[in-house]
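I have placed the structure first, in the form of structure tokens, so that the comments after it can refer back to it.
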Amino acid sequence: MFFRQLFDEESWTFTYLLADEDTHEAVIIDPVLGQMSLYQRLLGEYGLKLKYAVDTHVHADHVTALGALRDEYGVESVHGVGSGAACVSRFIADGEELTFGQYKLQAIATPGHTDDSYSFLMRDGKRTMVFTGDTLLIRGTGRTDFQNGDAGMQYDSLQGKLLTLPDDTIVYPAHDYKGMNESRIGEEKAHNPRLQVADKAAYIALMDSLDLPNPKFMDVAVPANLECGNV
Ligand code: FE
């Protein structure tokens with residue numbers, strides 16, 4: 001499988017470009033508008049046929065490239081059911097799959113960071129990987145204090161869904177702020193401080209105590225992303 005983890009240094013966002021090397025069909029997860037030239041370059045260099053552009057949720061910290069990629073390549077732009085971004089080509093529901101070549105990306109509804117947060121599961125031979133958006137970060141979890149976030153729902157998404165995956169599942173988040181680029185489900189169960197709480201009430205109390213400033217681009221990014229980045 002063709003796999004690239006790309007990084008936007010302005011918003012600390014990871015974007016994932018995945019492709020079947022036989023059919024050249026490709027998927028991009030969480031593309032950033034300011035990095036379009038990088039995506040164009042890679043798609044051209046490897047002769048990839050981009051089929052889907054997917055956002056794990058409506059982002060508050062960067063403008064999405066979903067609209068630009070649909071305009072240029074005719075791809076299907078995809079959000080999870082419930083995002084409210086009427087501009088996308090398709091809403092994917094929990095359990096549904098996007099197929100590219102021999103691979104399938106399966107949506108898992110994991111609300112909590114936002115009410116439209118989805119993770120995506122993929123198998124490649126013996127490897128299983130999960131793209132967790134801002135639901136599960138490396139040694140952290142996405143904030144739950146805006147965009148209809150809900151710490152109790154996030155606890156259920158983490159404990160009831162993502163942490164039930166096999167321990168060796170590779171975790172690819174939408175961001176990292178501490179210099180790490182991947183983890184494992186078992187590693188996060190053992191070492192992620194947000195996952196060491198006794199119960200849901202303790203998790204809600206922990207998330208309520210964070211008192212974080214708003215992302216600097218939030219007032220621009222959220223309305224822009226509800227229009228697929230076409231501003
Ligand atoms: Fe987010």
Side-chain angles (χ1 to χ4, degrees), residues 5-16 28-35 53-67 69 77-85 87-88 91-92 94 105 107-121 130-158 161-162 171-178 180-183 188 192-195 203-204 206-208 210-229 231:
Q5 182 186 47
L6 307 170
F7 185 63
D8 175 59
E9 61 275 7
E10 190 175 30
S11 62
W12 304 68
T13 300
F14 287 131
T15 298
Y16 300 92
I28 196 164
I29 301 173
D30 289 332
V32 177
L33 185 58
Q35 299 289 341
V54 184
D55 272 348
T56 52
H57 60 292
V58 173
H59 295 281
D61 53 9
H62 67 267
V63 175
T64 180
L66 251 59
L69 289 165
S77 53
V78 181
H79 273 194
V81 169
S83 88
C87 55
V88 299
F91 292 101
I92 189 168
D94 183 55
L105 202 56
I108 310 172
T110 50
H113 168 60
T114 63
D115 56 357
D116 68 340
S117 286
Y118 282 72
S119 299
F120 291 87
L121 188 69
V130 64
F131 301 91
T132 53
D134 290 354
T135 302
L136 176 60
L137 303 172
I138 300 172
R139 309 300 191 266
T141 56
R143 63 193 297 175
T144 55
D145 57 337
F146 56 66
Q147 288 184 284
N148 300 319
D150 184 311
M153 279 169 67
Q154 191 175 52
Y155 181 88
D156 292 339
S157 294
L158 291 162
K161 290 188 171 175
L162 295 179
V171 175
Y172 288 114
H175 301 283
D176 189 73
Y177 308 96
K178 301 171 204 134
M180 294 201 272
N181 62 343
E182 65 173 52
S183 186
E188 292 308 308
N192 188 323
R194 300 263 176 93
L195 305 180
Y203 187 75
I204 293 169
L206 171 63
M207 297 306 284
D208 282 350
L210 294 179
D211 195 25
L212 300 165
N214 279 345
K216 54 184 170 179
F217 301 123
M218 181 173 175
D219 294 341
V220 175
V222 171
N225 290 334
L226 288 168
E227 301 295 335
C228 293
V231 282

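Note that ligands are numbered from 1 as they come in the structure, with each ligand's atoms numbered from 1 the same way. Just the heavy atoms: all of them, side chains too, but no hydrogens, waters or symmetry mates, feed the values below.
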Q: Answer yes or no for His175: is there an N/O/S atom below the 2.8 Å cut-off from the Fe ion (ligand 1)?
A: no
Q. Looking only at heavy atoms, which two atoms of Glu188 and Ser183 are closest? And how far apart?
A. OE2-OG, 2.6 Å
Q. Which N/O/S atom belongs to Asp134 and is the closest one to the Fe ion (ligand 1)?
A. OD2
(Q) Nearest 10°: the angle subtended at the Fe ion (ligand 1) by His57 NE2 and His113 NE2? (A) 90°
Q) Between Gly140 and Lys178, which heavy-atom pair has the shortest distance, and what is it? A) N-NZ, 4.4 Å
Q: Report the C-alpha distance between Thr110 and Ser117 in whole Å, list the side-chain angles of each, state the deciding distance to 0.1 Å, and finish with yes or no for side chain to side chain donor-acceptor pair (under 3.5 Å).
A: CA-CA 5 Å; Thr110 50; Ser117 286; 5.8 Å; no
**Q.** Sub-6.0 Å ring centroid separation between Tyr155 and Tyr203
**A.** yes
Q.
Is His59 close enough to the Fe ion (ligand 1) that one of its N, O or S atoms comes in under 2.8 Å?
A. no
Q: May I ask you to check whether Asp61 brings an N, O or S atom to under 2.8 Å from the Fe ion (ligand 1)?
A: no
Q) Do Phe14 and Tyr172 make the cut of ring centroids closer than 6.0 angstrom? A) no
